[in-house]
Structures are given as C-alpha cells and as structure tokens.
Undergrad: 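Could you have a look at this structure, given as structure tokens, before my questions?
Sequential numbering from 1 along the given sequence is applied to the chain's residues.
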Amino acid sequence: MTRYPLEPSVEEMRAMGEAALRFVERFIEELPDAAAVDVAGAVEAAARVEEPMPEGPGRLEDLLDIVRLGADKAFNTTGPGYLAYIPGGGLYAAALGEFLAMAINRYVGVWAAAPVLVNLEWQTVRWLADLFAYPSQARGILTTGGSLSNLSAVVTARHALLGENFREATVYVTDQTHASVTKSVTLAGLPPRSLRLVRRDDQLRMDPDALRAMVKEDRERGLRPFLVVPSAGTTNTGAIDPLADVVSVAREEELWVHVDGAYGGPFQMTERGRSRFRGIEEAESIALDPHKAMFLPYGTGALLVRDGARLREAHTVGADYLQDLGTEQEIPNFTDYSPELSRSFRGLGLWLPLKLHGVAAFREGLDEKLDLTAVLYEGLRDIPELEVPWEPQLTVVAFRSRSGDDATRRLLERINASKRVFLSSTMIDGRFVIRACIVSHRTHRDRIEEAIEIVRAAARAVDS
C-alpha cells in the first residue's frame with residue numbers, strides 16, 4: 001500500500017494530484033447525463049463514513065470513491081438540471097483558485113502578512129464596489145455567503161445609528177425577505193419584536209408608501225426605526241423591491257438601507273440588471289453571493305459598505321499580540337472589517353475566474369439566464385393546467401396547478417421523479433407553489449425546453 005507522508009515528495013504529490021484530477025474530469029464530463037437529484041439509499045450510503053479514523057494510512061483511491069458516492073447521493077447542484085433553490089454552478093477555474101489558495105496557505109487578514117495577495121483580494125472587492133458605483137471610501141469583505149454578509153451589515157447599521165442602546169430599535173422587511181436577515185437581526189442582539197413586516201404589492205415587492213407610514217407610526221410609539229432591508233431578487237420569486245423609492249423614504253426617515261442582493265446582485269453586470277436595480281448605488285450596504293449568480297463554488301459571499309469607516313468601526317477590536325503586523329495603509333486589514341481573524345484566502349477563487357475568463361463571459365452568461373427564464377415562463381404559461389402568477393423579474397419562475405395545493409404537490413413529485421430536472425417549492429400567501437431558478441452556467445436552452453415538456457406531461461397526468 002502506498003504511504004503518503006505529511007510532506008509528500010514531488011512524485012507523490014504528482015500521483016495524488018493526478019488521481020484527484022482524473023476524479024474531477026470524470027465528474028464534470030458526466031454531469032450532463034447525471035441525475036438532477038438522487039438520494040435513494042443515501043442514508044445507507046452515509047454509513048460508509050462512520051468508520052473510525054485509522055491509525056495507519058488509507059488508499060487514496062478508496063477515499064475518492066467515498067467522495068464520489070457522496071457527490072452522487074445528493075442534490076446535483078452543479079448539473080444543468082438543478083433548478084431548485086438558487087444553485088451555484090461551481091466554475092472549474094474557481095476550484096483551481098481554491099486549490100492554489102489552500103496550497104500556498106497565506107494569511108490575508110492583515111495586509112502586512114501578504115501584501116500582494118491582500119491587495120489582489122482588495123482589488124477584487126473594489127471591482128465589486130465599482131459595479132455599484134460606490135465611492136473610493138467604500139470598503140468590503142469576502143465572506144462565506146449572504147448570511148454572514150447580512151449579519152455584518154446589520155451590526156454595522158446598529159453600531160452606526162444606535163450606539164449601545166437598541167432595545168426599541170426596529171428593522172423593516174417584507175414577508176419575502178430572506179430568512180438570513182431575520183437570523184441576523186436576532187444574532188445582532190435585537191429582540192424578535194424589532195422586525196417589522198412591510199406590506200408588499202401584488203408583484204411581491206415592498207410598498208414604499210407602506211414603509212413610510214409604518215416608520216412614522218413607530219416613531220410616534222417611541223420606537224427607533226433605523227434599518228430597512230429591500231431585496232434585489234427574492235428567493236421565492238426573484239422579485240425586486242423598488243430600490244430607488246425605498247432609498248427615498250429612507251433618506252426622509254434617516255434609515256440605513258441594506259440591499260440583500262445575495263442572489264440578484266451580480267446581474268448588475270447586465271444592462272437589464274442595472275435598469276431593474278435603479279437606486280441600488282445609493283444604498284449604505286449591499287450583500288452579494290458570487291457563489292450564486294457568478295457561478296462560483298459555495299462559500300463565496302461579499303459585503304460592500306458605502307462608507308467603509310462605519311464597517312471598520314463596527315468590527316475593529318485591538319489586540320496587543322497583533323502589534324507587529326502594522327496598521328492599515330492603502331490596503332485594508334480585512335480583519336478590521338469582519339467578524340473573522342483567521343480565515344481562508346477567498347480572493348483567489350473569485351479573482352482567477354474573472355481574470356481568466358474576462359468579465360464579458362460572466363455578463364453573457366447572466367444574459368443567457370435571463371433569456372432562458374423568458375423561455376421557461378412563456379412555455380409554462382402555454383400549459384393550460386398551470387397558473388403562472390408572476391412575470392419573472394430575474395431568473396425565478398413560480399407556478400402551481402390550477403387544481404390546488406395537493407395537485408401541486410403531486411405535480412412537483414412527478415417533475416422531480418424524471419431526475420432530469422430538480423425543482424423546489426415554497427409557500428406564498430398560504431398557497432403551495434413550485435419554483436424553478438435558472439442560474440447555473442451549465443444550464444442551456446436544450447435543458448429548459450426539456451423541462452417544459454417534463455412539466456407539461458406531469459401536469460396532464462396529475463389533472464387526468
């Protein structure tokens with residue numbers, strides 16, 4: 001049996017790397033024909049990882065077999081038929097970036113520890129800020145995802161506008177706002193009662209007039225309104241709140257505007273996205289998830305803050321043992337802007353794909369997804385057994401059976417039983433709704449047209 005020491009030789013590294021590369025090549029090559037979801041026998045398969053850690057060495061081939069089993073018995077989040085939730089395609093170039101980042105294993109929490117690499121990440125963050133026309137004093141961080149980005153944004157807004165007294169604070173969202181915002185509010189120390197649900201219109205978008213009235217009423221009651229969180233693309237339907245109008249109300253009422261653009265934010269690269277997000281550039285902060293609409297692997301999020309000093313003030317805590325590392329200069333010390341001190345070098349997984357493929361490739365990919373969404377929407381509207389209540393604002397299409405909730409549940413089961421596409425469900429206004437979200441860079445027109453026919457056949461079967 002081959003023994004791999006903790007510090008393998010060049011030959012041993014090459015053998016390990018080639019085995020892993022063969023695994024990845026085969027995995028990606030087989031994605032088009034792989035099931036969109038296959039969890040049959042997954043519980044039994046999971047038992048294979050319950051063996052105790054061995055005292056001696058294992059076989060790399062056996063370990064890769066377990067990884068492949070785990071990938072197979074799962075939602076196929078990287079495949080072209082995965083239209084559930086909001087998928088991330090997992091660009092190969094990003095995987096290379098992650099591999100390189102882990103291999104060099106440099107610390108990027110403070111600029112002095114790796115100036116070139118910290119600047120690389122900073123310039124990548126700066127590029128994101130430039131997408132939204134943020135000024136030079138803006139700052140941002142790469143996070144593990146929208147949940148951590150939203151948490152840091154809530155903490156920053158609380159620190160900037162409320163100080164240490166936030167018992168009577170109020171935060172404004174709709175019932176379509178992502179659950180991570182609710183979690184962020186409570187983790188930031190605010191009581192659940194501080195969250196206020198603003199009425200929305202028939203397209204599931206926040207009503208600015210209702211927001212204004214609610215804020216005024218809360219002030220009269222002695223409460224302290226300080227934060228509103230509109231969405232640049234909700235998870236349920238991709239609805240885009242009227243950002244410019246929400247910002248206008250916020251300016252009148254001295255509220256912090258944090259836009260949850262975790263799903264939709266990257267569409268700012270497209271002409272249609274910029275038009276639909278009008279006003280986003282005036283927000284105090286924006287959350288993004290490049291692991292969604294930039295096709296990157298899970299674990300790549302971002303937070304941008306218009307006034308970077310406020311982000312820093314909310315997160316900086318000094319420590320004597322860091323005194324040798326120097327103070328911030330032109331390149332930020334990311335640890336001063338983030339909850340994290342130790343963290344991975346996330347920048348390379350975003351910088352490498354952008355530099356390698358070019359921004360235009362991402363823009364074209366997102367435009368294709370918007371076009372495919374229109375194809376899916378029109379195709380589903382042509383199926384008489386379905387209700388398709390909302391015209392898509394981004395790349396989510398929501399629909400249901402005209403025969404009610406039970407029929408819609410059966411419809412979803414039949415669709416997913418095809419294993420060619422995998423869709424998810426939600427509840428909107430008390431009704432069971434199926435949703436399809438097109439985001440993967442591997443999803444193209446052929447799969448969407450196939451999906452329409454799968455839904456058509458399933459709808460006829462359920463209604464017969």
Side-chain angles (χ1 to χ4, degrees), residues 77-91 128 131-132 146 176 178 203-205 230-244 259-281 286-296 353-354 357-382 386 388-399 421-424 426 433-452 455:
T77 53
T78 51
Y82 186 81
L83 309 178
Y85 309 104
I86 300 177
L91 284 176
L128 291 172
L131 273 181
F132 300 94
Q176 301 299 299
H178 197 274
Q203 294 301 306
L204 308 182
R205 301 170 301 195
S231 298
T234 62
T235 295
N236 271 350
T237 64
I240 302 168
D241 290 326
L243 301 176
V259 175
D260 184 1
Y263 154 45
F267 285 92
Q268 180 77 0
M269 283 185 276
T270 70
E271 184 176 342
R272 282 174 282 184
R274 287 191 300 275
S275 173
R276 296 171 192 180
F277 294 161
R278 186 176 63 85
I280 195 171
E281 68 280 357
I286 303 169
L288 304 169
D289 266 357
H291 65 217
K292 293 187 173 80
M294 284 186 70
F295 322 131
L296 300 185
L354 283 167
H357 301 302
V359 175
F362 290 87
R363 183 182 302 112
E364 291 163 5
L366 291 175
D367 273 323
E368 181 198 22
K369 305 315 159 197
L370 291 169
D371 293 340
L372 292 178
T373 303
V375 171
L376 180 61
Y377 174 64
E378 294 300 332
L380 295 181
R381 288 182 69 197
D382 192 47
L386 300 183
V388 191
W390 302 284
E391 184 174 356
Q393 298 171 48
L394 281 176
T395 63
V396 177
V397 181
F399 63 97
V421 294
F422 180 44
L423 277 57
S424 61
T426 188
V433 176
I434 300 171
R435 53 182 300 285
C437 183
I438 306 172
V439 178
S440 174
H441 65 288
R442 296 188 174 102
T443 303
H444 303 297
R445 185 165 184 137
D446 59 338
R447 189 61 61 108
I448 296 305
E449 290 178 343
E450 183 180 358
I452 292 169
V455 175

Undergrad: State, with a plain yes or no, whether a side-chain heavy atom of D289 is found less than 4.5 Å away from one of I86.
TA: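 A side-chain contact is absent here, since even the closest heavy-atom pair is not under 4.5 Å.
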Undergrad: Sub-3.5 Å donor-acceptor pair from the side chain of T443 to the main-chain atoms of I438, do we have one?
TA: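 Answer holds: no.
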Undergrad: Applying the side-chain contact (heavy atoms from CB on, under 4.5 Å) test to K369, which of I448, T395, V439, L394 qualifies?
TA: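 When I448, T395, V439, L394 are each tested with K369, the side-chain contact (heavy atoms from CB on, under 4.5 Å) holds only for T395.
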Undergrad: Give the minimum heavy-atom separation between E281 and F132, together with the two atoms involved.
TA: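 Scanning both residues completely, I find the closest heavy atoms to be CB-O, 3.1 Å.
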Undergrad: Evaluate side chain to side chain contact (heavy atoms under 4.5 Å, CB included) for L243 paired with R278, printing each intermediate quantity in order.
TA: CA-CA 6 Å; L243 301 176; R278 186 176 63 85; over 6 Å; no
Undergrad: State, yes or no, whether a side-chain contact exists between M294 and L354 at a heavy-atom distance under 4.5 Å.
TA: yes
Undergrad: Between D241 (side chain only) and S231 (backbone N and O only), is there a donor and an acceptor less than 3.5 Å apart?
TA: yes
Undergrad: Side chain to side chain contact (heavy atoms under 4.5 Å, CB included) between Y263 and T235: does it pass, once the steps are laid out?
TA: CA-CA 7 Å; Y263 154 45; T235 295; 5.5 Å; no
Undergrad: Can you tell me how far CG of D260 sits from CD1 of I286, rounded to the nearest 0.5 angstrom?
TA: 11.0 Å
Undergrad: Kindly determine whether V375 and I452 satisfy side chain to side chain contact (heavy atoms under 4.5 Å, CB included), including the steps that lead there.
TA: CA-CA 9 Å; V375 171; I452 292 169; 4.2 Å; yes
Undergrad: V396 and C437: which non-hydrogen atoms are nearest, and at how many Å?
TA: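 Between these two residues, the closest heavy atoms are CG2-SG, 3.8 Å.
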Undergrad: Where is the tightest heavy-atom contact between G146 and A262, given as atom of each residue plus distance?
TA: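 That would be CA-CB, 4.4 Å.
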Undergrad: On a heavy-atom basis, which atom in A398 and which in V388 lie closest, and how many Å separate them?
TA: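 Where A398 meets V388 most closely, the heavy atoms are O-CG1, 3.6 Å.
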Undergrad: Taking T234's backbone N and O only, do any of them form a donor-acceptor pair with Q176's side chain (distance below 3.5 Å, no angle check)?
TA: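 No; zero donor-acceptor contacts below 3.5 Å.
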Undergrad: Would the distance check show the side chain of Q393 and the main-chain N or O of I240 forming a donor-acceptor pair, the cut-off being under 3.5 Å?
TA: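 Yes, because the side chain of Q393 sits within donor-acceptor range (under 3.5 Å) of the backbone of I240.
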Undergrad: Does R435 use its side chain to pair, donor to acceptor, with the backbone of T237 at less than 3.5 Å?
TA: no
Undergrad: Pair R381, E378 - check salt bridge (charged side-chain N to carboxylate O under 4.0 Å, His left out), show working.
TA: CA-CA 5 Å; R381 288 182 69 197; E378 294 300 332; 3.6 Å; yes
Undergrad: NZ of K292 to OG of S440: how many Å apart, nearest 0.5 Å?
TA: 14.0 Å
Undergrad: Should the ring pair F295 and H441 be called parallel, tilted or perpendicular, given that the plane angle runs from 0 to 90° and is split at 30 and 60?
TA: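 F295 vs H441 ring planes: tilted.
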Undergrad: Answer yes or no: is there a donor N or O on one side and an acceptor on the other, between the side chain of R274 and the main chain of M269, under 3.5 Å?
TA: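 At least one qualifying donor-acceptor pair exists.
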Undergrad: Could you tell me whether the side chain of N236 reaches within less than 4.5 Å of the side chain of L204, counting heavy atoms only?
TA: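 Not touching, per the 4.5 Å side-chain cut-off.
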Undergrad: Who passes side chain to side chain contact (heavy atoms under 4.5 Å, CB included) against T270, sequence neighbours left out?
TA: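 Partners of T270 by the side chain to side chain contact (heavy atoms under 4.5 Å, CB included) criterion, ordered by chain and then number, come out as F267, R272, R363, L366, D367, L370.
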Undergrad: Of the non-hydrogen atoms in F277 and A232, which two are nearest, and what is the gap between them?
TA: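 Looks like CE2-CB, 3.8 Å.
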Undergrad: From R445 CZ over to L372 CG, what is the distance, rounded to the nearest 0.5 angstrom?
TA: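 These two atoms lie 7.5 Å from each other.
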Undergrad: Work out which heavy atom in W390 is nearest to a heavy atom in Y377; give both atom names and the distance.
TA: O-CE1, 3.7 Å
